[in-house]
Structures are given as C-alpha cells and as structure tokens.
Colleague: 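Supplied in structure tokens, the structure appears directly below.
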Amino acid sequence: EMPVLVGDAKIPFVVSSVFGALGILSCLTAICFIILSKSYHLYVYRLTLYVALFNLAFAVVLELEVLPVDTNKSDNATVTIREGWNGACIFLGFADEYLNNARTLAVLWTSFYIFMLAVYNIELKRRRHEVAGVVSILLVSSLLPSIPFAFDLYGISDIWCWIKDSQNTNLSSTTAGIAVQLGIDIVPQLILSFVCVLLIGTVISIYYKGIHKDGALQHKRWIAIRELLPLLIYPSLYAIVIIANAANSIALIIANYEDIIVSTVVTVLLQLI
C-alpha cells in the first residue's frame with residue numbers, strides 16, 4: 001500500500017476543517033433555537049436537542065483530529081503523530097467512534113419515538129423513558145469502541161486518528177483489519193441506519209393511508225403525525241449519508257485502495273449533518 005504523503009494530506013485537512021466548522025455552527029444554531037424558543041419543553045424537541053448535542057461533540061472531535069497529525073514535514077515524508085500527542089490521538093480515535101455511535105442511536109431513538117406514536121398511538125415521553133434513553137445511549141455507544149483498546153488499535157490511520165493496524169496504516173490493508181473495520185464501524189452503523197429507514201418508511205406510509213380514512217379520532221391522529229413529519233427529514237438524510245458512507249467504505253475495502261478525495265467528501269457530509 002502506498003504511504004500517505006504530507007502534500008496529499010493537506011487538502012483533505014483544509015476541506016474537512018472548513019466544513020467541520022460549518023457543521024459546528026449549524027449544530028450551535030439548532031441548539032440555540034431550541035433553547036431560546038423554549039421548544040425543549042416538548043419531548044420530541046428534547047430528542048432533537050440530544051441529537052444536536054451529540055452531533056456538535058462529534059464535529060468538534062473531527063476538528064480536533066488534525067492537531068496530533070504532523071503535516072509540516074517535507075513533501076516526501078509520510079504522515080506521523082506529533083511528538084507527545086500519541087495519547088491525544090488514541091483518545092480522539094475512541095471519541096470519534098463513541099460519538100458516531102451515540103448520535104446514530106439518538107437518531108434511532110427519535111425515529112422510534114415517532115414510530116410508536118404514529119403506529120401504536122403511544123407516547124414514550126415520561127421522565128423514566130427519557131432517562132433510560134439517555135443512559136442507554138451513553139452506555140451502549142461505548143461497547144464496540146472499547147474493543148480496540150484490548151488490541152492497541154487506536155492511533156494514526158492514514159491521515160486520521162482512528163483505528164489502525166500494526167503498521168499504523170489503514171485497516172483495509174490486512175484481512176484482520178477489514179474484519180475489525182466491518183465489525184466495529186461499518187456494519188453496526190449500516191444496521192442502525194436500515195432500522196431508521198424502516199421506521200421512517202412505516203410512519204410515512206401510515207400518514208398517507210390515513211389521509212383517506214374518516215373519523216374524528218383518526219383525523220386527530222393524522223394531524224399529530226403530520227406535525228411530526230418535518231422531524232423525520234433529518235433522520236432520513238442521516239440514514240442516507242450513513243448508508244452511502246458504508247457503501248463507499250465497503251467498496252474501498254474490496255478494491256483495497258483508499259481515495260482520499262472520496263473519503264474527505266464523506267467526512268464532510270458526516271460533519272454537516
């Protein structure tokens with residue numbers, strides 16, 4: 001596998017940093033809107049607030065990932081970790097995986113809440129439901145990202161702080177690395193995203209079927225679903241980007257080659273949403 005040269009790495013760093021900053025601003029805007037408008041009194045908007053907070057933390061981590069990486073060497077030098085920054089790179093690699101799982105689970109939680117309301121007319125908005133949801137996200141998100149610690153797999157991976165192989169290169173260069181990449185990152189995200197798509201599709205289907213039904217109770221339920229439909233836009237876009245990211249990663253694994261530009265575009269989309 002060809003090493004990543006410093007000159008090749010600077011462009012993705014710049015592009016990712018710029019759009020990462022835009023992602024942070026968009027998250028801050030959403031959080032400020034929910035707080036200033038006092039929409040957080042409504043449970044479904046508190047779910048949206050949790051999603052925005054996890055997204056904000058994830059975008060910040062992606063911005064910080066450039067700090068441990070040394071790109072100030074000659075054009076023929078490979079990307080390395082700055083002296084004394086190895087611990088920070090390991091932490092950022094874990095935080096990347098942890099927060100990516102947390103925000104996906106938060107999106108799934110929001111989709112599931114709307115699904116239960118639309119399909120079964122059940123509102124899971126009691127305090128115990130909310131506390132259980134937050135605690136579950138915080139705990140479950142750490143399960144898979146904790147596995148690389150047992151094998152010392154966090155560190156510099158190409159130009160990012162992520163999961164590496166024994167040669168500090170991208171996991172796609174070894175069979176064992178591919179298994180780790182699929183099992184810890186790609187497949188779980190893909191499964192959760194497909195579940196989101198299934199829940200969202202069911203809600204939309206029920207909404208359009210309800211248009212043609214009569215009855216005061218049915219009409220009231222249809223109105224409630226209609227008001228929630230805009231909240232499904234973000235989970236839908238998020239699931240599509242995650243699925244596209246998984247498809248791109250699998251294609252890169254099969255081809256045993258990583259296109260830095262494609263990877264940067266995917267990273268940009270993940271930061272913006």
Side-chain angles (χ1 to χ4, degrees), residues 16-17 19-20 23-24 26-28 30-31 47-69 81 85-112 130-165 168 170-171 177 179-196 234-235 238-239 241-243 245-246 249 263 266-273:
S16 180
S17 297
F19 282 93
I24 291 174
S26 65
C27 290
L28 288 174
I31 293 170
L47 294 182
T48 305
L49 180 61
Y50 293 137
V51 172
L53 288 172
F54 284 127
N55 273 329
L56 175 62
F58 180 73
V60 170
V61 166
L62 290 184
E63 285 286 279
L64 294 177
E65 278 192 55
V66 303
L67 296 180
V69 181
I81 300 178
W85 283 78
N86 186 61
C89 192
I90 292 173
F91 170 77
L92 289 171
F94 170 77
D96 184 317
E97 282 297 298
Y98 177 83
L99 291 170
N100 196 29
N101 288 341
R103 68 187 194 139
T104 303
L105 288 172
V107 169
L108 179 60
W109 182 17
T110 304
S111 303
F112 181 72
E130 185 171 355
V131 172
V134 173
V135 172
S136 297
I137 289 175
L138 294 176
L139 292 179
V140 173
S141 298
S142 66
L143 296 179
L144 291 177
S146 297
I147 295 176
F149 282 120
F151 304 97
D152 191 27
L153 290 178
Y154 282 122
I156 190 73
S157 176
D158 279 350
I159 62 173
W160 315 109
C161 290
W162 192 54
I163 304 173
K164 62 181 178 63
D165 64 11
N168 291 346
N170 190 280
L171 286 173
V180 172
Q181 193 175 25
L182 286 172
I184 293 179
D185 185 68
I186 298 174
V187 172
Q189 291 287 324
L190 194 58
I191 292 174
L192 293 176
S193 298
F194 274 125
V195 173
C196 282
Y234 177 82
Y238 183 84
V241 172
I242 290 296
I243 292 172
N245 178 47
S249 298
S263 298
V266 171
T267 301
V268 164
L269 290 175
L270 289 174
Q271 287 174 307
L272 286 179
I273 63 171

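Quick caveat, the model's predicted, so the values are computed rather than measured.
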Colleague: Using disulfide bond (SG atoms under 2.5 Å apart) as the criterion, list what pairs up with Cys196, not counting sequence neighbours.
Modeller: none

Colleague: Which residues pass the side chain to side chain contact (heavy atoms under 4.5 Å, CB included) test with Ile31, sequence neighbours left out?
Modeller: Ile35, Leu49, Ala52, Leu53, Leu56

Colleague: Considering non-hydrogen atoms only, spot the tightest contact between Ser141 and Asn101 and give its length.
Modeller: O-ND2, 3.4 Å

Colleague: More than 12 non-hydrogen atoms from neighbouring residues, nucleotides or ligands closer than 6.0 Å to CZ on Phe151, yes or no?
Modeller: no

Colleague: What distance separates Leu105 CG from Thr110 OG1, expressed to the nearest 0.5 Å?
Modeller: 11.0 Å

Colleague: Measure the CD1-OG distance between Ile137 and Ser142 for me, rounded to the nearest 0.5 Å.
Modeller: 12.5 Å

Colleague: Can you sort out the partners of Ser136 under side chain to side chain contact (heavy atoms under 4.5 Å, CB included), two or more places apart, ordered by chain and number?
Modeller: none

Colleague: Once you round to the nearest 0.5 Å, how far does CG of Leu138 lie from OH of Tyr98?
Modeller: 4.0 Å

Colleague: Under a plain distance cut-off of 3.5 Å, with no hydrogens placed, do Glu97 and Trp162 share a side-chain donor-acceptor pair?
Modeller: yes

Colleague: Going by the rule side chain to side chain contact (heavy atoms under 4.5 Å, CB included), which residues pair with Pro148 if we only count those two or more places apart in sequence or in a different chain?
Modeller: Leu153, Tyr154, Ile163, Ile184

Colleague: Closest heavy-atom contact between Gln189 and Asp185?
Modeller: CG-O, 3.1 Å

Colleague: Which atom names give the shortest non-hydrogen contact between Gly155 and Cys89, and what distance separates them?
Modeller: C-SG, 3.7 Å

Colleague: I need the Thr48 OG1 to Asn55 CG distance, nearest 0.5 Å.
Modeller: 11.0 Å

Colleague: Start with the C-alpha gap between Leu92 and Asp96, add the side-chain angles, then the distance that decides, and say whether side chain to side chain contact (heavy atoms under 4.5 Å, CB included) holds.
Modeller: CA-CA 6 Å; Leu92 289 171; Asp96 184 317; over 6 Å; no

Colleague: Return the minimal non-hydrogen interatomic distance between Phe54 and Ala106, and the atom names on each side.
Modeller: CD1-CB, 3.8 Å

Colleague: Drop me the distance from Leu64's CG to Phe91's CZ, to the nearest 0.5 angstrom.
Modeller: 9.0 Å

Colleague: Go through the structure and list residues passing side chain to side chain donor-acceptor pair (under 3.5 Å) with Tyr50, not counting sequence neighbours.
Modeller: Glu130

Colleague: So, using side chain to side chain contact (heavy atoms under 4.5 Å, CB included) as the criterion, who are the partners of Ser193 when residues are at least two apart?
Modeller: Ala239, Ile242, Ile243

Colleague: Quick check for you: to the nearest 0.5 Å, what is the distance between Asn100 atom CG and Leu192 atom CG?
Modeller: 10.0 Å

